[in-house]
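Shown next, in structure tokens, is the structure this report addresses.
Order of listing sets the numbers, starting from 1, for every ligand and every atom in it.
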Amino acid sequence: MKRKPMIAGNWKMHMTTKEARELVAGILEQTSDVNFDRVDVLMAPPFTALSAVAELLSGRPVFLAGQNMHWEEKGAFTGEISPVMLKEVGCSHVIIGHSERRQYFGEMNETVNKKLRAAFSHGLTPILCVGESLEQREANQTFSVIEEELDKGLNGLTTEQVQSMILAYEPIWAIGTGKTASPEQAEEVHAFIRGWLEKRVGKEAADAIRVLYGGSVKPENIEGLMAKESIDGGLVGGASLKAESFAQIVKRGL
Ligand code: PGA
């Protein structure tokens with residue numbers, strides 16, 4: 001059984017509010033012939049553009065996500081954004097544990113776990129990112145790194161919570177490098193993740209969980225990736241910043 005695919009755009013630190021409005025308008029126009037019953041589309045703009053994007057997406061079947069958040073509802077945490085704030089502005093999802101957060105901003109599996117719990121208690125669907133670096137892959141540590149990220153990140157979550165979340169496998173060596181994992185390389189890790197999920201929540205629940213692939217997804221490679229049994233969509237960085245390439249990925253990912 002194939003799950004409903006999701007194509008998610010992670011804009012990272014790109015797009016002023018003005019640019020964001022133009023991009024969303026372009027994407028909506030170029031996906032006007034897409035049947036959204038067959039694919040979930042999500043956009044994760046920077047915090048400053050969320051409300052403008054939410055306004056443009058209102059009434060449209062497109063999901064809005066934060067790229068990160070703090071686990072507390074409010075408090076003296078200068079520079080942070082809370083789950084309540086994301087909800088209020090119209091987010092249904094939040095990306096948690098992106099490798100750039102782990103690599104540059106000290107995100108740990110323990111804080112990932114707190115953020116996942118906070119997302120659930122505020123009714124946000126988390127998209128948890130996991131993935132290995134090039135050195136880890138070359139040292140044959142891919143599976144152990146991912147296993148640790150899953151074990152610690154999902155620690156204490158209920159079967160229901162795990163079942164309702166979205167995972168993203170993002171090999172760090174493929175992010176922003178133009179070097180995509182081959183469909184076979186990606187599928188090998190996706191199958192490993194699904195096997196881990198099966199042990200954690202049982203086969204039926206694991207079968208319902210979407211695992212997206214991220215790392216240099218482009219219109220040219222989405223079809224090959226989506227043809228694989230365990231790949232349920234894409235988390236797209238660079239190619240989500242142009243209406244045409246993002247729309248093409250949505251269409252070819254069907
Ligand atoms: P990329 O980024 O598509 O630019 O490689 C993917 C991501 O980091 O989510």
Nearest-neighbour protein heavy atom for atom 7 (C) of ligand 1, which is reported as residue plus atom name and distance: Glu170 OE2, 3.2 Å
Any side-chain heavy atom of Met69 sitting closer than 4.5 Å to one from Met85? no
Out of Asn10, Ile7, Leu241, Leu42, which one pairs with Val236 under the side-chain contact (heavy atoms from CB on, under 4.5 Å) rule? Ile7
Contact atoms of ligand 1, heavy-atom distance to Ile175 under 4.0 Å: 2 (O), 5 (O), 8 (O)
Taking side chain as C-beta onward, heavy atoms only, is Leu23 less than 4.5 Å from Ile27? yes
Looking only at heavy atoms of Gly214, does any of them come nearer than 4.0 Å to an atom of ligand 1? no
Do any nitrogen or oxygen atoms of Thr177 come within less than 3.5 Å of a nitrogen or oxygen of ligand 1? no
Check ion pair Glu22-Lys18 (N to O, under 4.0 angstrom): yes
Taking only heavy atoms of Ser216, which atoms of ligand 1 are found under 4.0 Å from at least one of them? 1 (P), 3 (O), 5 (O)
Shortest non-hydrogen pair, Ala247 vs Thr31, comes out as CB-CG2, 3.8 Å
Using every non-hydrogen atom in the two residues, find where Tyr169 and Val211 come nearest and quote the distance to one decimal. N-CG1, 4.5 Å
Within the 4.0 Å heavy-atom cut-off, what Asn10 brings close to ligand 1 is side chain
Quickly, which of Leu86, Leu56, Val53, Val94 forms a side-chain contact (heavy atoms from CB on, under 4.5 Å) with Leu64? Name it, please. Val53
Below 4.0 Å from any atom of ligand 1, is there a heavy atom belonging to Lys218? no
Would you call Asp232-Arg194 a salt bridge at under 4.0 Å N-O? yes
Give the atom numbers and elements of ligand 1 that come within less than 4.0 Å of a heavy atom of Gly176. 1 (P), 4 (O), 5 (O)
Contact partition for Ala174 relative to ligand 1, non-hydrogen atoms under 4.0 Å: backbone
Gly237 N/O to ligand 1 N/O under 3.5 Å: yes
How far is atom 2 (O) of ligand 1 from the closest protein heavy atom, and which atom is that? Lys12 NZ, 3.2 Å
Residue selection (non-hydrogen contact nearest atom 4 (O) of ligand 1) among Ala239, Cys129, Gly238: Gly238
Using a 4.0 Å cutoff against the non-hydrogen atoms of His98, which atoms of ligand 1 qualify? 7 (C), 8 (O), 9 (O)
I need the minimum non-hydrogen distance between Arg210 and Arg3, along with the two atoms involved. CG-CB, 3.9 Å
